[in-house]
**Q** 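Quick one: structure below, then a few questions.
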Amino acid sequence: MSVALRVRPEVAAALDEGRPVVALESTLIAHGLPHPDNLRVAREVEAIVADEGAVAATIGVVAGVVTVGLDDAALERIATRADVVKLGVRDVAVAVAQRRDGATTVASTARIAAHAGIRVFATGGLGGVHREARETWDESADLVALATTPVAVVCAGVKSILDVHATLERLESLGVCVVGIGARSFPGFYLTDSGHPLDWSVDDAEGIAAVMAARGDLGLDPGALVVANPLPLDQQLDPDLHQRVLDSGLARLRDASVIGKDVTPFLLSHFHDATSGASLRVNIEIIKHNARVAARIAAAWAARR
Ligand code: PSU
Ligand code: MN
């Protein structure tokens with residue numbers, strides 16, 4: 001492997017031996033959650049994955065080294081330093097060449113995970129088409145990466161700050177397979193149900209592993225498998241509060257002339273402030289829930305091999 005890529009020995013050993021591995025992204029640590037909660041959550045999520053018998057591989061870029069499986073010092077560095085750059089797929093090589101610290105998004109984490117041989121990945125909510133995309137053309141690079149990367153991504157749908165309907169249409173055009181786990185409705189990130197029905201759902205991790213196997217056997221990869229995993233109803237954000245805070249956030253976004261990759265962190269941080277931390281608690285539960293389910297899928301996948 002190249003000098004720019006480092007796979008943590010525990011992760012490499014698990015991959016070699018066919019044991020379950022779960023990739024985790026670092027943008028939600030560096031740019032999606034406030035300090036100091038972010039570092040605590042990053043550690044807790046890894047512990048959940050380990051608790052389920054899988055090896056966690058949090059992915060990020062440390063001083064120009066793409067790292068699959070950040071150790072605790074690196075997690076702390078990504079969670080605390082102010083100069084950690086949000087890296088989409090197109091940014092990774094520049095950050096490596098310039099020896100920067102960077103946090104990887106869903107798109108870049110998925111690509112690096114697949115490159116390293118990891119097939120299961122957990123995040124919070126995917127990026128997608130923004131609500132004013134007709135004017136702004138703001139569509140997350142997550143979508144294109146999902147169309148071309150063979151990895152199962154466990155998520156609570158797409159972030160509810162987005163145009164969910166438009167995002168589902170784009171996922172269909174891009175040929176991205178979307179399957180619910182224990183759900184008939186596409187989740188709405190902070191909300192259990194986005195109001196959009198799912199075409200496909202399975203009951204458990206074995207059901208997802210069976211879909212992964214069929215995709216591989218038939219050469220239907222290299223697209224991703226989106227595993228839609230809603231939070232239980234009693235843990236969702238209050239829908240009325242959600243609507244109010246979303247409206248105020250979108251209005252503030254327009255006034256602040258925030259663009260590009262700062263849009264999503266801006267809106268998430270508005271939610272965390274304007275709900276006095278309620279959305280933060282929900283976001284943390286989403287990430288933990290997805291990590292647990294991803295670990296079970298990784299185990300079911302490893303058992304089939
Ligand atoms: N899920 C969360 N919080 C986050 C993200 C996902 O709960 O902050 C991140 C992911 O890294 C995702 C990114 O790829 O938000 C989307 O950013 P953008 O809309 O700029 O593509
Ligand atoms: Mn964008």
**Q** Please report the C-alpha distance between Arg8 and Asp71 in whole Å, then the side-chain angles of each, then the deciding distance to 0.1 Å, and finally whether the salt bridge (charged side-chain N to carboxylate O under 4.0 Å, His left out) criterion is met.
**A** CA-CA 8 Å; Arg8 190 177 184 176; Asp71 61 20; over 6 Å; no
**Q** What pairs with His35 under ring pair (Phe, Tyr, Trp, His ring centres under 6.0 Å), at least two apart in sequence or on another chain?
**A**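 For His35 there are no ring pair (Phe, Tyr, Trp, His ring centres under 6.0 Å) partners, ignoring immediate neighbours.
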**Q** With the 4.5 Å side-chain cut-off for hydrophobic clustering, are Leu198 and Val226 part of the same group?
**A** yes
**Q** Closer than 3.5 angstrom, by distance alone: can the side chain of Asp101 be matched with the main-chain N or O of Val84 as a donor-acceptor pair?
**A** no
**Q** I need the minimum non-hydrogen distance between Pro20 and Ala299, along with the two atoms involved.
**A**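 Scanning both residues completely, I find the closest heavy atoms to be CB-N, 3.6 Å.
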**Q** Walk me through it: do Phe266 and Leu253 pass the test side chain to side chain contact (heavy atoms under 4.5 Å, CB included)?
**A** CA-CA 8 Å; Phe266 178 91; Leu253 181 68; 3.7 Å; yes
**Q** Would you indicate whether the side-chain heavy atoms of Val61 and Arg100 approach each other to under 4.5 Å?
**A** no
**Q** Show which side-chain atoms of residues 234-241 pair as donor or acceptor with protein atoms under 3.5 Å away, not counting sequence neighbours.
**A**
from, atom 1, to, atom 2, distance (Å)
Gln236, OE1, Thr192, N, 2.8
Asp238, OD2, Leu241, N, 3.1

**Q** For Ser279, check side chain to side chain donor-acceptor pair (under 3.5 Å) against everything at least two apart and list the hits.
**A**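 With sequence neighbours excluded, Ser279 shows a side chain to side chain donor-acceptor pair (under 3.5 Å) to His272, Thr275, given in chain and number order.
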**Q** Under the side-chain contact (heavy atoms from CB on, under 4.5 Å) test, which residues partner Thr264, sequence neighbours left out?
**A** Lys86, His130, Lys159, Ile161, Leu268
**Q** Does atom CZ (Arg40) have a neighbourhood of more than 12 heavy atoms from anything else shown, all under 6.0 Å?
**A**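 Yes, enclosed.
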**Q** Does a side-chain heavy-atom distance below 4.5 Å link Pro34 with Leu280?
**A**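 Result yes, sub-4.5 Å side-chain heavy-atom pair found.
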**Q** Walk me through whether Ile297 and Val154 qualify under side chain to side chain contact (heavy atoms under 4.5 Å, CB included).
**A** CA-CA 9 Å; Ile297 293 169; Val154 184; 3.8 Å; yes
**Q** Residues in ring pair (Phe, Tyr, Trp, His ring centres under 6.0 Å) with Phe271, at least two apart?
**A**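 Phe271 satisfies ring pair (Phe, Tyr, Trp, His ring centres under 6.0 Å) with Tyr190, His242 once adjacent residues are dropped.
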**Q** Where do Ala103 and Thr27 come nearest, in terms of heavy atoms and distance?
**A**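 Shortest heavy-atom contact: O-OG1, 3.3 Å.
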**Q** Do side-chain atoms of Arg6 reach the backbone of Val65 as a donor and acceptor pair under 3.5 angstrom?
**A**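 Checked: no pair found.
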**Q** Got a second to check how far Arg215's CZ is from Cys177's SG, nearest 0.5 Å?
**A**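 Separation between the atoms: 5.0 Å.
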**Q** Between atom OG1 of Thr67 and atom CD1 of Ile78, what is the distance when rounded to the nearest 0.5 Å?
**A**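 Nearest 0.5 Å value for the OG1-CD1 distance: 8.0 Å.
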**Q** To the closest 0.5 Å, what do you measure between CD (Glu25) and OG (Ser108)?
**A**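 Rounded to the nearest 0.5 Å, the CD-OG separation comes to 8.0 Å.
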**Q** Donor-acceptor check, side chain of Asn38 to backbone of Ala79, threshold 3.5 angstrom: yes or no?
**A** yes
**Q** Quick check: do Asp273 and Ser269 have side-chain heavy atoms less than 4.5 Å from each other?
**A**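 Contact flag for Asp273/Ser269 side chains = yes.
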**Q** So does Arg131 get a backbone contact from the side chain of Asp163, meaning a donor-acceptor N/O pair under 3.5 Å?
**A**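 The answer is no, because no donor-acceptor pair under 3.5 Å joins these two groups.
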**Q** Could you walk me through whether Ile118 and Val151 pass the side chain to side chain contact (heavy atoms under 4.5 Å, CB included) test, one step at a time?
**A** CA-CA 7 Å; Ile118 303 174; Val151 71; 5.8 Å; no
**Q** Does the side chain of Val55 reach to within under 4.5 Å of the side chain of Val49, using non-hydrogen atoms?
**A**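 In short, these two side chains do not touch, never coming nearer than 4.5 Å.
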**Q** Is Val45 reachable from Val21 through a run of hydrophobic residues whose side-chain heavy atoms are each under 4.5 Å from the next?
**A** no
**Q** If you take all heavy atoms of Asn283 and Phe189, which pair is closest and at what distance?
**A** OD1-CZ, 3.7 Å
**Q** Would Val178 and Phe186 satisfy side chain to side chain contact (heavy atoms under 4.5 Å, CB included), going step by step from the backbone distance to the final call?
**A** CA-CA 9 Å; Val178 180; Phe186 192 66; 3.9 Å; yes
**Q** Output all residues satisfying side chain to side chain donor-acceptor pair (under 3.5 Å) with Asp72, sequence neighbours left out; order by chain, then residue number.
**A** Arg43
**Q** Indicate yes or no: at least one non-hydrogen side-chain atom of Thr58 is less than 4.5 angstrom from one of Glu46.
**A**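 The answer is yes; the side chains approach within 4.5 Å.
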**Q** Write out all pairs satisfying side-chain hydrogen bond (donor to acceptor under 3.5 Å, both in side chains) with one or both partners inside residues 284-294, taking only residues at least two apart or from two chains.
**A** Glu44-Lys288, Glu52-Arg292, Asn229-His289, Asn229-Asn290
**Q** Nearest 0.5 angstrom please: Ile287 CD1 to Leu231 CG, how far?
**A** 11.0 Å
**Q** Locate the shortest heavy-atom distance separating Ala298 from Val120; write the atom from each residue and the value.
**A**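 Residues Ala298 and Val120, closest heavy atoms: CA-CG2, 3.9 Å.
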**Q** Could you see if Val89 belongs to whatever hydrophobic cluster contains Val106? Use Ile, Leu, Val, Met, Phe, Trp, Tyr and a side-chain cutoff under 4.5 Å.
**A**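 Val89 and Val106: separate clusters.
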**Q** My understanding is that only residues two or more places apart in sequence, or in another chain, count here; which of them pass side-chain contact (heavy atoms from CB on, under 4.5 Å) with Ala274?
**A**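 Here the qualifying residues are Val245, His270.
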**Q** Restricting to side chain to side chain donor-acceptor pair (under 3.5 Å), what partner residues turn up for Glu132, sequence neighbours left out?
**A** Arg254
**Q** Does Val179 reach the side chain of Val227, with side-chain heavy atoms less than 4.5 Å apart?
**A** no
**Q** Can you list every pair that meets side-chain hydrogen bond (donor to acceptor under 3.5 Å, both in side chains) and has a residue in residues 13-22, with sequence neighbours left out?
**A**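 Every side-chain hydrogen bond (donor to acceptor under 3.5 Å, both in side chains) pair that includes a residue of residues 13-22, provided the two are not neighbours, is Glu17-Arg19.
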**Q** Show the nearest heavy-atom pair for residues Leu15 and Ala116, with the distance to one decimal.
**A**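 Minimum heavy-atom separation between Leu15 and Ala116: CD1-O, 3.3 Å.
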**Q** Which heavy atom in Ser160 sits nearest to a heavy atom in Gly188, and how many Å separate them?
**A**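 For Ser160 and Gly188, the tightest heavy-atom pair comes out as CB-O, 3.4 Å.
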**Q** Any heavy-atom pair between the side chains of Arg296 and Ile208 that's under 4.5 Å?
**A**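 Contact flag for Ile208/Arg296 side chains = no.
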**Q** Going from CG on Asp37 to CD1 on Ile284, what distance comes out if it is rounded to the nearest 0.5 angstrom?
**A** 5.0 Å
**Q** Find out if a path of hydrophobic residues (ILVMFWY) with successive side-chain heavy-atom gaps under 4.5 Å connects Leu174 to Phe121.
**A** yes
**Q** Can you run down the side-chain hydrogen bond (donor to acceptor under 3.5 Å, both in side chains) pairs that involve residues 169-178, sequence neighbours left out, and say none if there aren't any?
**A** Glu139-Arg170
**Q** Is there a chain of hydrophobic side chains (I, L, V, M, F, W, Y, each step under 4.5 Å between heavy atoms) that links Leu87 to Leu5?
**A** yes
**Q** Who pairs with Thr148 by side chain to side chain donor-acceptor pair (under 3.5 Å), at least two apart in sequence or on another chain?
**A** none
**Q** Between Thr109 (side chain) and Ile59 (backbone), is there a donor-acceptor pair under 3.5 Å?
**A** no
**Q** So if I apply the side-chain contact (heavy atoms from CB on, under 4.5 Å) rule between Leu126 and each of Thr105, Val153, Thr167, Leu143, which one comes out positive?
**A**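 Only match with Leu126 under side-chain contact (heavy atoms from CB on, under 4.5 Å): Val153.
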**Q** Rounded at 0.5 Å granularity, tell me how far CG in Asp138 sits from CD1 in Ile259.
**A**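 Asp138 atom CG to Ile259 atom CD1 measures 9.0 Å (nearest 0.5 Å).
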